[in-house]
Novice: 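Just passing along the structure, written as C-alpha cells.
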Amino acid sequence: MAQLHCNFFSYSLGYGVDIQVILPSLSPCDMDRPQARTHTLTAKYPVLYLLHGHGNDYLCWSRFTSMERYAEERRIAVVTCSVGNKGYMDASYGEHYFDFVKKELPEFVLTNFPISGRPEDTYLAGLSMGGYGTLAHALEHPQSYRAVGAFSPAVDWMNGTTEERIGHDMPKMMDLYQMLSDNLAKGEKLPELFLCIGEGDFLYEAVSRFHQTLEQKGVAHRYDAVAGYEHEWAFWDMELPMFLDWLPRTDAYAGLALHKM
C-alpha cells in the first residue's frame, strides 16, 4: 500500500489544499509470490473518493477506520480531501467546494496518479455531512459515478434542523428530494446506491424517510439499518468493507483481492 499526502494550489478554492491518495501496491503479504514482486501495473486503478463529515478532515477515514487495509485488500485507490464544514457546497465568499469535488479534484488526481478516469471505475462515498455531499453530487451529475455510498447521511439540510444542531449556518444547500424527483422525471440513470444508518443515530428517522422515498419511487438500493449503533466510527468502520465488497466492479483488478493483511 502506498500512502501519499499531497498539497497543491486549488483554482476552485484560491489556496493550497491537502489530499491523501491511497494506492494499492506491493505489500509484505506478496513476498511469498515471486510473480507479485513488481511495481509495474497491469492497468490503472479504480478509485473511491471518500468524503469526511462535519468537524473532520481528510485524515479521519485513515485514523478511525481500517480504510487503508480494506482498500489494499480489494485493489482500489482511495482519495480523501478536506472541505472544512462547508457541506461540499460552493460558499458565497469564494470557496467553491462543490466545483472542487466535481471537477478539480478528479482532474488533479487523474493527471498525476495511475487512476482510471472511466465513470464505471469511479465511486463516491461519505459519512454524515459527507453522506449528504455524496448524494448531492451523485444526483447533480449521476453520469460521473458507477455507484455511491451514503453512511449516516444528513439528508435534511433544507429544513434547518441540521444547522440548529451544529450551531452555524451552511452555504446554500441542495434539496435531495427535489433532485431525485427531477432525475427520475428526466429518465436519468442513477448510480447504484448503498445507504446505511445506525438505529440509535440522531439522523435515523430522516434517513429512514429517505429510504422509504427511494422505495416508493422504485429506486433500487441497498439499505442497512443496524441496531446498537449511533452516529459513530465503530458503525462506519463496520459498514465500509461491506460497501467495498458490494461495489459493482468491471475493472482489471475486480475479484483479485490480496491475501488478508
Side-chain angles (χ1 to χ4, degrees), residues 1-4 6 8 10 12 17 19-25 41-52 58 61-62 67-68 70-83 88 96-127 130-151 153 174 176 179-180 183 188-196 219-222 239-257:
M1 175 192 67
Q3 181 194 68
L4 307 169
C6 182
F8 66 96
S10 165
S12 300
V17 61
I19 69 170
Q20 178 180 234
V21 180
I22 303 298
L23 295 175
S25 60
L41 301 182
T42 58
K44 292 184 177 182
Y45 289 117
V47 61
L48 168 63
Y49 293 92
L50 198 51
L51 308 183
H52 67 76
Y58 78 108
W61 280 101
S62 292
M67 176 271 286
E68 295 176 32
Y70 301 150
E72 176 73 14
E73 291 171 349
R74 291 158 180 82
R75 311 302 285 168
I76 186 171
V78 178
V79 177
T80 62
C81 65
S82 294
V83 304
Y88 297 89
H96 296 159
Y97 279 110
F98 192 91
D99 293 344
F100 176 75
V101 172
K102 176 182 179 180
K103 178 177 183 285
E104 186 177 5
L105 179 61
E107 177 185 72
F108 180 84
V109 167
L110 298 180
T111 299
N112 292 283
F113 300 100
I115 288 176
S116 171
R118 302 194 314 163
E120 56 266 40
D121 295 338
T122 305
Y123 310 96
L124 181 68
L127 66 90
Y132 166 84
T134 293
L135 293 171
H137 278 269
L139 293 171
E140 178 68 12
H141 44 105
Q143 69 285 351
S144 297
Y145 305 104
R146 177 68 177 85
V148 300
F151 295 63
M174 297 179 172
L176 300 181
M179 296 171 75
L180 177 63
N183 273 287
E188 289 280 1
K189 178 176 173 56
L190 299 177
E192 295 191 38
L193 172 60
F194 181 105
L195 182 66
C196 64
V219 179
H221 62 289
R222 169 166 168 171
E239 288 288 317
L240 182 57
M242 298 181 190
F243 167 70
L244 290 169
D245 288 338
W246 165 88
L247 287 177
R249 289 177 57 177
T250 57
D251 59 89
Y253 302 98
L256 299 179

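Computed from a predicted structure; not experimentally measured.
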Novice: Could you walk me through whether M174 and F98 pass the side-chain contact (heavy atoms from CB on, under 4.5 Å) test, one step at a time?
Specialist: CA-CA 11 Å; M174 297 179 172; F98 192 91; 3.7 Å; yes
Novice: For the backbone of L50 and the side chain of T80, can you confirm whether one donor and one acceptor N or O come within less than 3.5 Å of each other?
Specialist: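 No, T80 side chain to L50 backbone: no donor-acceptor pair under 3.5 Å.
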Novice: Output yes when a side-chain donor or acceptor of T134 lies under 3.5 Å from a complementary backbone atom of G126, and no otherwise.
Specialist: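 Judged by distance alone, yes, a pair lies under 3.5 Å.
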Novice: Just one of K102, E104, H96 clears the side-chain hydrogen bond (donor to acceptor under 3.5 Å, both in side chains) bar with S12, so which one?
Specialist: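 Looking at K102, E104, H96, the match for S12 under the side-chain hydrogen bond (donor to acceptor under 3.5 Å, both in side chains) is E104.
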Novice: My understanding is that only residues two or more places apart in sequence, or in another chain, count here; which of them pass ring-ring contact (aromatic ring centres under 6.0 Å, His included) with F194?
Specialist: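 With sequence neighbours excluded, F194 shows a ring-ring contact (aromatic ring centres under 6.0 Å, His included) to F151, F243, W246, given in chain and number order.
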Novice: Check the pair F8 / V17 against side-chain contact (heavy atoms from CB on, under 4.5 Å), numbers first and verdict last.
Specialist: CA-CA 6 Å; F8 66 96; V17 61; 3.7 Å; yes
Novice: Please name all residues satisfying side chain to side chain contact (heavy atoms under 4.5 Å, CB included) with K44, sequence neighbours left out, ordered by chain then number.
Specialist: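 Residues passing side chain to side chain contact (heavy atoms under 4.5 Å, CB included) with K44: S116.
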Novice: Evaluate T250 against R118 for side-chain contact (heavy atoms from CB on, under 4.5 Å), listing each step before the verdict.
Specialist: CA-CA 11 Å; T250 57; R118 302 194 314 163; 3.8 Å; yes
Novice: Whether the side chain of Y45 engages the backbone of V78 through a donor-acceptor N/O pair (distance < 3.5 Å, no angle test) should be reported.
Specialist: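 Pair absent, no side-chain N/O of Y45 close to backbone of V78.
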Novice: Parallel, tilted or perpendicular for Y145 and H141, by the 30°/60° rule?
Specialist: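 Tilted.
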Novice: Give me the one residue out of Y88, W61, Y58 that meets side-chain contact (heavy atoms from CB on, under 4.5 Å) with L51.
Specialist: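 Passing option: Y88.
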Novice: Please check: side-chain N/O of Y253 versus main-chain N/O of A43, any donor-acceptor pairing under 3.5 Å?
Specialist: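 Indeed, once roles are kept as given, a pair shorter than 3.5 Å links the two residues.
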Novice: When you measure from the side chain of N183 to the backbone N and O of L139, does any donor-acceptor pair fall under 3.5 Å?
Specialist: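 Between the backbone of L139 and the side chain of N183 there is a qualifying donor-acceptor contact (under 3.5 Å).
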